[in-house]
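One structure below.
Along the sequence shown, residues are numbered consecutively beginning with 1.
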Amino acid sequence: MNPSEIGNTGKPVTMHVERGKIREFARAIKDDNPIYFDESIARQRVGGLMPPPTFTMTLGFWEDGRPRPLLTYDVRRLLHGEQEFEYLAPIYAGDVLTASARVADVYEKAGSRGGTMTFGVLETTFTNQRGEVVLLSRSTLIETAAPVKKE
């Protein structure tokens, strides 16, 4: 990863927020909140059937399978540092989201065990079928100076 990659963008990906997939995802993460399962309760409490906050991480299932690296890195040295979700509007079952990713930042820090760590921040903007930005997702990747060793 290097600062020259700031601004790189990926091909937009469209995902459908399906009622059944919301239920499957909620079960998989063992969240029994009725807003993920019962439409009448969801309508009363939050306006409709909503997915769990991390549901958009399933975006990878909607891609066509071709790699689209926004950042170059050595996967042997890669760690997932942080994931952040900033919801700007509700997402409901039936919405069609388009996700557009870009490299927001690349910077370095000294590692606590020596060497340099390079951080890459990817920001994905999710827009619904009405053109409204509903979510900003930020993922921070960390490339260590050397491959992570198993101890």
- Query: Taking the side chain as C-beta and beyond, is there a heavy-atom pair between Ile22 and Arg19 under 4.5 Å?
  - Reply: no
- Write out all pairs satisfying ring pair (Phe, Tyr, Trp, His ring centres under 6.0 Å) with one or both partners inside residues 76-112, taking only residues at least two apart or from two chains. Tyr107-Phe119
- Query: Does the pair Arg43 and Ile41 meet the rule for a side chain to side chain contact (heavy atoms under 4.5 Å, CB included), with working shown?
  - Reply: CA-CA 5 Å; Arg43 231 182 336 275; Ile41 290 174; over 6 Å; no
- With the 4.5 Å side-chain cut-off for hydrophobic clustering, are Met15 and Leu136 part of the same group? no
- Message: Tell me whether Asp95 contacts the main-chain N or O of Leu97 through its side chain, where contact means a donor paired with an acceptor under 3.5 Å.
- Response: no
- Message: Please enumerate all residues that pass side chain to side chain contact (heavy atoms under 4.5 Å, CB included) together with Asn33, with sequence neighbours excluded.
- Response: Asp31, Ile35, Tyr36, Arg45
- Donor-acceptor under 3.5 Å (Glu5 side chain, Thr72 main chain): yes
- Message: Between Val17 and Val96, does the side chain to side chain contact (heavy atoms under 4.5 Å, CB included) criterion hold? Intermediate values first, please.
- Response: CA-CA 6 Å; Val17 181; Val96 178; over 6 Å; no
- Would you kindly confirm whether Val46 and Phe55 end up in one hydrophobic cluster when ILVMFWY residues are joined by side chain heavy atoms under 4.5 Å apart? yes
- Task: Please lay out, stage by stage, how Ile6 and Asp105 fare under the test side chain to side chain contact (heavy atoms under 4.5 Å, CB included).
- Result: CA-CA 6 Å; Ile6 295 172; Asp105 200 5; 3.8 Å; yes
- Less than 4.5 Å apart, any side-chain heavy atom of Val13 and any of Leu59? yes
- Item | Heavy-atom pair of closest approach, residues Met1 and Ile142 | CE-C, 4.2 Å
- Output, in order, the C-alpha distance, side-chain angles, deciding distance and verdict of side chain to side chain contact (heavy atoms under 4.5 Å, CB included) for Arg77 and Thr118. CA-CA 10 Å; Arg77 298 169 30 208; Thr118 305; 5.8 Å; no
- Co-membership, hydrophobic cluster, residues Val133 and Leu122, 4.5 Å side-chain: no
- Does any non-hydrogen side-chain atom of Ile91 lie less than 4.5 Å from one of Asn128? no
- Message: Could you tell me if the side chain of Leu141 sits less than 4.5 Å from the side chain of Glu143, heavy atoms only?
- Response: no
- Starting at CD of Glu123, measure out to CD of Glu86 and round the result to the nearest 0.5 Å. 8.0 Å
- Message: Show the nearest heavy-atom pair for residues Thr124 and Ala99, with the distance to one decimal.
- Response: CG2-CB, 3.7 Å
- Query: Hey, are the side chains of Phe126 and Thr98 touching, using non-hydrogen atoms and a 4.5 Å cut-off?
  - Reply: no
- Same hydrophobic cluster for Met117 and Leu79, using side-chain heavy-atom links shorter than 4.5 Å among ILVMFWY? yes
- In short, Pro52 meets Ile29 closest at the heavy-atom pair CB-CD1, 3.8 Å
- Task: Of all the heavy-atom pairs spanning Gly115 and Ala145, show the shortest one and how long it is.
- Result: CA-CB, 3.9 Å
- Query: Distance only, no hydrogens: is a donor on one side chain within 3.5 Å (strictly under) of an acceptor on the other, for Ser137 and Gln83?
  - Reply: yes
- Message: Checking side-chain polar atoms at under 3.5 Å, does Thr127 have a donor or acceptor matched by the opposite partner on Glu132?
- Response: no
- Message: Can you give me the closest heavy-atom contact between Ala101 and Leu70, atom names plus distance?
- Response: CB-CD1, 3.6 Å
- Note on the structure: Nearest heavy-atom approach of Pro3 to Val106 is N-CG1, 3.7 Å
- Salt bridge present between Lys21 and Glu24 (N-O < 4.0 angstrom): yes
